[in-house]
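Read through the structure below, which is laid out as structure tokens, and then see the notes.
Letters A, B, ... mirror the listed sequences (proteins, then strands); counts begin at 1.
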There are 2 protein chains.
Amino acid sequence: MSVATVSRVWNEAAFVSPETRQRVAAVATRLGYSPHGAARSLITRTTHALGVLLPDLYGEFFSEIIRGIDHTAQAAGYHILVSSSHDSKDEIDAALRSMRGRVDGMIIMSPDLEAQRTLHALQGSFPVVLLNGGAEANAFDSITIENHEGARAMVRHLLARGHKRIAMIGGPQRNYDAAERLRGYRTALMESGIAPDESLVVQGDFSELSGHRAVKPLLALERRPTAIFAANDSMAIGALSALHESGMRVPEDVAVAGFDDIPLARYMNPQLSTVHVDIAKLGERAAALLPSSLLQGARPRQQLQLSTTLVIRSSCGGLVS
Amino acid sequence: MSVATVSRVWNEAAFVSPETRQRVAAVATRLGYSPHGAARSLITRTTHALGVLLPDLYGEFFSEIIRGIDHTAQAAGYHILVSSSHDSKDEIDAALRSMRGRVDGMIIMSPDLEAQRTLHALQGSFPVVLLNGGAEANAFDSITIENHEGARAMVRHLLARGHKRIAMIGGPQRNYDAAERLRGYRTALMESGIAPDESLVVQGDFSELSGHRAVKPLLALERRPTAIFAANDSMAIGALSALHESGMRVPEDVAVAGFDDIPLARYMNPQLSTVHVDIAKLGERAAALLPSSLLQGARPRQQLQLSTTLVIRSSCGGLVS
DNA sequence: TTGTAGGCGTTATCAT
DNA sequence: ATGATAACGCCTACAA
């Protein structure tokens, strides 16, 4: 029995007599044999692995993304090589280098606007899908969330409920999504002719703690806000807990809304109104884009926009009557 | 210039004249060269990658675990190959096979008691760290949570606060951690001489939804429980929301407690009492064990127990006075 | 239908 | 200090 035959059996490529196939399979299972991945990719020039670069694995947002990516990648026969905690340009550089030659393509989520320059150099050399990219987004395949529209819609809803003083807890500085959501907030205010008040904008970092901390200065204002819109759910949840500790009732005294619709949002007390993003789908789409670009070689770049929908629950007082 | 020299430059192993090194480096950057990972690992028989097999990426528990693993693995120069949604024996088998030759070792979390048989066959052939393993745990390096002790301590606390009818929302059937936590609950009851009442034990599946659903039958009981202990925080959070919807006050009417202490637990309303597990450390430890076993070759198996601590917040009424 | 042999890009061993 | 060359495990013409 030659190695060639075994290879043929494994790849189901050429014609092998059923009996031979049978025998090979039998011996293979008996010996617990399975082909050596590295050796295969040496000759096939393909690793069947996708690299995933994330800023930081924190909270449900990221577990949902990975879940989506893994699910789709697995179905397409790809493994995923995950690497997190890459915020700065240098960290991304390093991660990129160390994944070189180990993956067939990469999914990169680097919302930090500065890191974009690093990405620029990647252009064309390598199949890349950008998640939430900023300026460089159209130089690659990319998937973006409708941040601006989503935020605008939520703030419009709050306005429609009669709120005039709406505060915003923003995300990290230099973060693309955060910037867009803030922009959406401002657009909505402007559209309804409300003068912007910068004392109503507090900066957070997407963590529960930062949302919690943001509440104090807002309550200390002479003219308190009657609604708080957080740039993500984690911060909204932090704010909810801070308000509760301060004895404020939600939504009676202050309405609260978030962004992302993480699975837990509906289990908050009160249930959190938020801008729904299908986070897992974000991952799925990204993972689906990559193999397709690998197969098709050069093809026009694809820019996908993931739409958002308003999910009105009780934390902002419910639907507009 | 021979390939050997280039190899030496890259590995900084043997003596290379500074000028040669210089020249090679220059050409390398100009050509954008970087070594082919597969070829290297073919000959060095090492991939510098760790496989991570998880049952399902759901909720903050898993993002924390991956975070811990990735953090430590990265520091040790390893990549991580993540694969999730492996519950059944066959799925684990397949994942194991497809990772062969692509990783130096594996971290496997397969709480499903049936899957243990598959693991049995792995023994010795391959560096493996088991997370939350059951019966097979001592055949491998393994890290286990002090499930039994943690659950017992929490139930004892509830008893000390005067609760006599304590319900339990259990985890998935055939899940090792769930079984141990249930056992801890029973131990505590038995120790205080309370007769077990099986109508107080409702089965869940670790999801928020299952926790939410578990509440209804409990409230429908003729003799309602005064406390509910959920086998993880997600279910406790689901229960919290269901209780709130039913107009029950927590902790006045019903006390609630969870297990895991996911980051969000302290931001619930009321804040969730729970059994603290350092989830990220679980991942870190696992990732640290693997490289050490790779370096040292055959060494005695290590069985680590991750201790738990009681975190009493307001959902169960606070400390015992 | 099956076997033979060359080569994928590296590292390691031996010469030089 | 550098060069030549044999592995590593697999795939794939090409030959039989």
- Are a donor atom and an acceptor atom from the side chains of S17(B) and T20(B) found within less than 3.5 Å of each other? yes
- Task: When you get a sec, tell me which of dC10(D), dT4(C), dT11(C) is the closest nucleotide to the side chain of Y33(A)?
- Result: dC10(D)
- With the threshold set at 4.0 Å, does a side-chain nitrogen-carboxylate oxygen contact exist between D260(B) and R181(B)? yes
- Item | Residue Q173(A) excluded, over 12 heavy atoms near CD under 6.0 Å | no
- Query: S41(B) near the nucleic acid: base, sugar-phosphate alone, or nothing, with a heavy-atom cut-off under 4.0 Å?
  - Reply: nothing
- Any side-chain N or O of R8(A) less than 4.0 Å from the OP1 or OP2 oxygen of dT2(C)? no
- Query: Can you tell which of dA4(D), dT10(C), dT11(C) lies closest to the side chain of A4(B)?
  - Reply: dA4(D)
- Query: Just how far, in rounded Å, is C1' of dC10(D) from CH2 of W10(A)?
  - Reply: 11 Å
- Task: Please report the closest heavy-atom contact between R97(B) and S34(A), naming both atoms and the distance.
- Result: O-OG, 3.8 Å
- Item | Gap between atoms NE2 and C1', on H36(A) and dG9(C) respectively (whole Å) | 14 Å
- Message: Is there a side-chain contact between R21(B) and the phosphate of dA1(D), meaning an N or O under 4.0 Å from OP1 or OP2?
- Response: no
- Ignoring the backbone of R45(B), work out which of dT5(D), dC8(D), dG3(C) is nearest its side chain. dC8(D)
- Query: More than 12 non-hydrogen atoms from neighbouring residues, nucleotides or ligands closer than 6.0 Å to CD on Q303(A), yes or no?
  - Reply: yes
- With nearest nucleotides of DNA chain D determined for T44(A) and I43(B) from heavy-atom distances, which residue corresponds to the more 5′ nucleotide? I43(B)
- Query: Mapping P18(A) and A39(B) to their closest nucleotides on DNA chain C, which lands nearer the 5' end?
  - Reply: P18(A)
- Task: Would you mind reading off the distance between R40(B) atom CZ and dC8(C) atom P, rounded to a whole angstrom?
- Result: 19 Å
- Message: Heavy-atom nearest nucleotide on DNA chain D for V16(B) versus L42(B): which residue maps closer to 5'?
- Response: V16(B)
- What nucleic acid atoms does S17(B) come within less than 4.0 Å of, heavy atoms only: base, sugar-phosphate, or nothing? sugar-phosphate
- Query: Below 4.0 angstrom from OP1 or OP2 of dG3(C), is there any side-chain N or O of T5(A)?
  - Reply: yes
